[in-house]
Chemist: 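The structure follows.
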Protein chains: 4
Amino acid sequence: MATRRGRPRSEAVRSAVLAAAADLARHGGPGAATIDAIARRAEVSRTTIYKWWPSAAAIVLEGLLDSVRESIVRPPGSTTVQALIHHVGALNAILADATVGPLLRNVMSAAAGDPAIQAALLERWIEPRRAAVVTALRDAVAAGELDAGTDIEVVVDALVSPPYYRLVFGMPPLSDEAVTALVDTVWRGCV
Amino acid sequence: MATRRGRPRSEAVRSAVLAAAADLARHGGPGAATIDAIARRAEVSRTTIYKWWPSAAAIVLEGLLDSVRESIVRPPGSTTVQALIHHVGALNAILADATVGPLLRNVMSAAAGDPAIQAALLERWIEPRRAAVVTALRDAVAAGELDAGTDIEVVVDALVSPPYYRLVFGMPPLSDEAVTALVDTVWRGCV
Amino acid sequence: MATRRGRPRSEAVRSAVLAAAADLARHGGPGAATIDAIARRAEVSRTTIYKWWPSAAAIVLEGLLDSVRESIVRPPGSTTVQALIHHVGALNAILADATVGPLLRNVMSAAAGDPAIQAALLERWIEPRRAAVVTALRDAVAAGELDAGTDIEVVVDALVSPPYYRLVFGMPPLSDEAVTALVDTVWRGCV
Amino acid sequence: MATRRGRPRSEAVRSAVLAAAADLARHGGPGAATIDAIARRAEVSRTTIYKWWPSAAAIVLEGLLDSVRESIVRPPGSTTVQALIHHVGALNAILADATVGPLLRNVMSAAAGDPAIQAALLERWIEPRRAAVVTALRDAVAAGELDAGTDIEVVVDALVSPPYYRLVFGMPPLSDEAVTALVDTVWRGCV
DNA sequence: TTCTAATCGAGACGGTACGTCAGGTCTTCTC
DNA sequence: GAGAAGACCTGACGTACCGTCTCGATTAGAA
């Protein structure tokens with residue numbers, strides 16, 4: 001197979017850009033993470049950034065997905081409720097994290113005006129995480145723990161949307177007890 | 001009684017600005033509703049806009065609050081579950097509305113970078129609507145329908161956050177059946 | 001004869017406006033003496049200013065003419081040369097004055113873009129002062145001191161333009177000795 | 001030799017800006033030659049103009065210095081008086097010129113409020129022209145034509161300030177005869 | 001080694017929007 | 001009727017960032 005001719009893409013540039021964007025987005029909020037500012041801080045030319053990313057939000061999103069790479073895995077040997085508590089708790093912890101939270105908030109904000117960001121966010125952030133919950137619930141249905149008529153999408157919504165809601169509106173994140181109460185309540189309402 | 005000195009504020013200007021901002025925000029999304037564009041469309045001078053509003057998002061928010069003035073009221077003679085279904089259904093309908101939804105989405109987006117918008121949105125949009133649900137649930141606790149140990153904030157989160165979640169991530173809004181299922185599930189989990 | 005109806009014009013307003021304009025023009029240069037700034041400092045409404053003056057420069061000019069009201073008079077019993085030295089010296093002193101100089105400079109600057117100021121400056125500032133010199137020179141011609149063929153306008157130009165020239169280009173003003181040398185030279189060139 | 005990096009500066013842009021500024025300043029006077037108007041007429045972006053010039057007056061000045069590049073040279077074999085007549089006549093012609101005069105007038109006007117323009121005007125317009133006259137007079141002193149005690153600066157003032165004076169106050173320019181009379185008078189007053 | 005293709009950097013340029021300031025005009029109330 | 005108070009429009013200001021562009025400098029594999 002023919003290796004690419006020409007100068008290879010610099011990995012140093014990529015990581016410097018992602019780090020700069022994350023720094024700027026974390027502090028200073030959106031509006032701070034402009035392409036100009038990222039280029040200045042990363043000491044990378046604007047031209048180069050435009051060659052690889054379509055927008056500042058895309059950079060922040062890429063950095064976000066890079067930094068939160070490990071998916072939430074079901075603890076082995078856990079009951080369904082334990083698995084759900086673990087998942088919602090982990091999600092809640094990520095969104096409450098001082099590093100990740102503001103980044104995600106920025107990207108969500110940018111998604112309102114950029115269909116490409118919107119789609120990428122849905123496909124690469126939301127869907128994988130929902131899928132894990134859906135799987136757990138389907139397994140519970142298959143195991144007879146849950147009624148077959150349960151509307152799984154609605155249950156997932158009830159479980160995962162509160163952490164986003166509180167992040168978006170600047171409310172304090174859910175405590176661990178609140179997470180437990182949330183999952184318990186929804187679970188009891190299903191069985 | 002002291003009448004106001006000077007030329008009175010033009011109501012025509014205010015409504016033209018709000019209408020223009022709403023139009024622009026609905027189509028074109030955020031980024032379209034700039035102060036410049038609003039001024040052009042409303043045929044109002046930029047200076048005047050700056051005199052009365054601090055930002056484009058503030059205009060959109062004011063128009064939003066103006067257009068959705070009537071609060072969601074509990075139907076007389078309704079049971080708690082019926083009242084909750086009515087409330088969540090009404091909220092869901094508002095967020096799914098092709099006029100209001102995009103506007104709120106824009107304002108939520110702007111809130112990420114503007115603490116004033118953030119605070120106004122929380123105080124003038126979120127709190128009043130949460131309060132109605134909280135009241136219904138407290139009444140239910142007082143009537144012995146609900147356990148006194150119920151974490152009401154968590155229950156409210158589970159009920160109201162899904163419509164916002166779906167709006168923000170561009171997912172299809174909840175159907176009426178889904179709303180009913182959501183309320184039923186959460187309610188059964190509480191009692 | 002019928003006295004004027006209605007509230008009489010406030011002299012306090014006029015003098016406050018003139019004083020404010022002079023203050024602003026002296027320090028801060030032109031660009032500082034805007035109608036807005038004058039109104040603020042004089043604590044007079046902008047409307048009132050617009051009613052009485054056509055522009056900021058007109059205010060400064062009026063204040064200038066007010067403050068330099070006494071014309072330059074020929075010392076009694078003086079020879080022509082003495083009279084000319086007195087006149088040019090007095091003019092030079094006025095233009096070098098820290099109060100009057102900057103004001104006149106501002107008005108000259110404004111005259112470039114405002115024909116009304118241009119005309120008023122010529123008629124009410126330049127002409128009267130030139131006339132005094134012209135009279136002295138005509139008297140000298142009549143007395144046979146000066147040749148009848150002398151181009152008086154040219155001689156006046158040579159005598160009075162240097163102080164303006166130095167003011168406009170920000171050069172140091174003429175010293176008293178320089179004034180004497182100037183008049184002596186021109187005078188000797190005429191006889 | 002290090003060649004310049006980056007896209008080279010467009011000479012077309014520079015000349016278009018200078019031409020547009022000159023046109024606007026000539027007709028319409030100062031106040032017409034705003035950065036906005038220059039940008040519109042030159043079809044150049046405002047940003048670019050701001051990158052290269054600090055103010056509209058600086059543009060007009062640069063155009064002025066560009067257009068009047070050739071300095072006034074002493075005609076070979078001329079006597080001192082002839083040289084002075086030539087110089088003052090040439091200066092007078094430049095200031096009376098319908099193209100250059102208004103431009104210089106604008107710049108002089110702007111100099112009143114802008115120390116940078118003031119300094120540039122003095123250094124790049126006034127000083128070089130004065131220097132030529134000073135040289136001619138010093139030569140005359142060295143040749144014994146002029147008394148060693150002559151105050152040369154005063155003589156230069158008397159010779160060159162009238163054309164500026166008449167330009168600034170909107171008086172008709174000196175005729176050639178008046179120029180001759182002026183130089184003759186001053187010269188006779190010196191010897 | 002030299003050619004060739006790509007990345008990267010530097011910087012000019014045309015735009016759009018920002019938020020502010022001043023100039024003027026108009027409307028309303030008070031003295 | 002003079003003056004104050006203030007709303008409104010127009011237009012220019014200087015700045016920030018956008019996205020595009022033209023260059024030169026650099027870094028590799030391929031000829």
Side-chain angles (χ1 to χ4, degrees), chain A residues 2-10 12-14 31-40 43-52 54-56, chain B residues 2-14 31-40 43-52 54-56, chain C residues 4-10 12-13 31-40 43-52 54-56, chain D residues 2-14 31-40 42-52 54-56:
Chain A
T3 46
R4 298 277 303 256
R5 303 242 324 228
R7 179 175 175 174
R9 177 171 179 186
S10 160
V13 162
R14 178 176 178 272
T34 67
I35 301 242
D36 272 34
I38 294 169
R40 275 195 298 273
E43 298 189 311
V44 159
S45 117
R46 289 198 358 265
T47 322
T48 302
I49 296 182
Y50 279 112
K51 180 163 288 178
W52 298 107
S55 68
Chain B
T3 44
R4 301 279 305 253
R5 300 265 304 250
R7 178 174 174 173
R9 178 173 179 186
S10 159
E11 179 55 31
V13 162
R14 177 176 179 273
T34 67
I35 301 252
D36 271 31
I38 294 170
R40 273 196 301 272
E43 298 191 306
V44 158
S45 110
R46 290 198 357 266
T47 322
T48 301
I49 295 182
Y50 279 113
K51 179 164 286 178
W52 297 108
S55 67
Chain C
R4 299 278 302 260
R5 301 243 323 235
R7 180 171 171 178
R9 176 171 179 188
S10 160
V13 164
T34 66
I35 300 238
D36 274 34
I38 294 169
R40 274 196 298 272
E43 298 189 311
V44 158
S45 119
R46 284 182 328 124
T47 323
T48 302
I49 296 182
Y50 279 113
K51 181 164 287 180
W52 297 106
S55 67
Chain D
T3 45
R4 301 281 305 250
R5 301 265 304 251
R7 178 174 173 173
R9 178 173 176 185
S10 159
E11 180 55 32
V13 162
R14 177 176 179 273
T34 66
I35 302 252
D36 272 31
I38 294 169
R40 273 196 300 272
E43 297 190 310
V44 158
S45 114
R46 282 183 331 115
T47 322
T48 301
I49 295 182
Y50 280 112
K51 178 164 288 178
W52 296 107
S55 67

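Reminder, nothing fancy here: chain letters follow the sequence lines and each chain counts from 1.
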Chemist: Can you tell me how far P of E:dC13 sits from CZ of D:Arg14, to the nearest Å?
Modeler: 12 Å
Chemist: On a heavy-atom basis, which atom in C:Ser45 and which in C:Ala39 lie closest, and how many Å separate them?
Modeler: C-CB, 4.5 Å
Chemist: Of the nucleotides E:dG24, E:dC18, F:dG14, which one has an atom closest to the side chain of B:Arg46?
Modeler: E:dC18
Chemist: Using a 4.0 Å heavy-atom cut-off, write out nucleotides 1-8 of chain E from 5' to 3' as B (base contacted by protein), S (sugar-phosphate only) or - (no contact).
Modeler: ---BBBBS
Chemist: Roughly, in whole Å, what's the span from CD in B:Glu43 to P in F:dA7?
Modeler: 22 Å
Chemist: Run the side-chain contact (heavy atoms from CB on, under 4.5 Å) test against A:Arg7 and tell me which residues pass, sequence neighbours left out.
Modeler: none
Chemist: On DNA chain E, does the nearest nucleotide to D:Thr47 precede the nearest nucleotide to C:Ile35 from the 5' side, or the other way round? Give the residue.
Modeler: D:Thr47
Chemist: State which residues pass salt bridge (charged side-chain N to carboxylate O under 4.0 Å, His left out) with D:Glu11; sequence neighbours excluded, sorted by chain then number.
Modeler: D:Arg14
Chemist: Minimum heavy-atom separation for C:Ala33 to C:Ala56, with atom names?
Modeler: O-CB, 3.1 Å
Chemist: For B:Tyr50 and F:dG6, give me the distance from atom OH to atom P, rounded to whole Å.
Modeler: 23 Å
Chemist: Show the nearest heavy-atom pair for residues B:Ala37 and B:Ala32, with the distance to one decimal.
Modeler: CB-O, 3.5 Å
Chemist: Take D:Pro54 and A:Arg40, find for each the nucleotide of DNA chain F with the closest heavy atom, and name the residue whose nucleotide sits nearer the 5' end.
Modeler: D:Pro54
Chemist: If you measure from CZ on D:Arg46 to OG1 on D:Thr34, what distance do you get to the nearest 0.5 Å?
Modeler: 9.5 Å
Chemist: With a 3.5 Å cut-off and just heavy-atom distances, do the side chain of C:Thr34 and the base of E:dG23 make a donor-acceptor pair?
Modeler: no
Chemist: Could you tell me the separation between the CG atom of A:Asp36 and the C1' atom of E:dG11, rounded to a whole number of Å?
Modeler: 13 Å
